[in-house]
Amino acid sequence: DSMRRLQLRYFTETEVGRLMGFPMDRFSFPPADTLGSRAGYRLLGNSLNVRVVAALLEHLFRAAETEGSTEAEAEERAE
């Protein structure tokens, strides 16, 4: 197996949760026998990192404000 040869491993559910920004001190998965062994990975795969989404929204809003003020200035000059 190429992963073993390269000494790689899969992330644990906890590691993936931390990367996604979940507060792991207040968040846990139900036991594997309840959901199945891979359910935690599927649940995390359907989530978004809140910090990344917040940064993207801030960037988009800033760009929209800048574009909006530039358009308003151009309209004022045209009048």
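Hydrogens, waters and symmetry mates play no part in the numbers below; they use all other heavy atoms, side chains included.
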I'd like to know if Phe11 and Phe22 are part of one continuous hydrophobic network [Ile/Leu/Val/Met/Phe/Trp/Tyr, side-chain heavy atoms within less than 4.5 Å]. yes

Hydrophobic cluster membership, with links at side-chain heavy-atom distances under 4.5 Å among I/L/V/M/F/W/Y: are Val16 and Leu43 in one? yes

Would a single hydrophobic cluster contain both Val50 and Leu56, if residues Ile, Leu, Val, Met, Phe, Trp and Tyr are joined by side-chain heavy-atom contacts under 4.5 Å? no

If hydrophobic clusters are built by linking Ile, Leu, Val, Met, Phe, Trp and Tyr wherever their side-chain heavy atoms come under 4.5 Å apart, do Tyr10 and Leu8 end up in the same one? yes

Nearest 0.5 Å, please: how far is OG1 in Thr12 from CZ in Arg18? 7.0 Å

Got a donor-acceptor contact below 3.5 angstrom from the Gln7 side chain to the Arg4 backbone? no

What are the two closest non-hydrogen atoms of Leu44 and Met20, and how far apart are they? O-CE, 4.1 Å

Are Val53 and Phe61 in one and the same hydrophobic cluster, where Ile, Leu, Val, Met, Phe, Trp and Tyr link if side-chain heavy atoms are under 4.5 Å apart? yes

Charged N-O contact under 4.0 Å between Arg9 and Glu15: yes

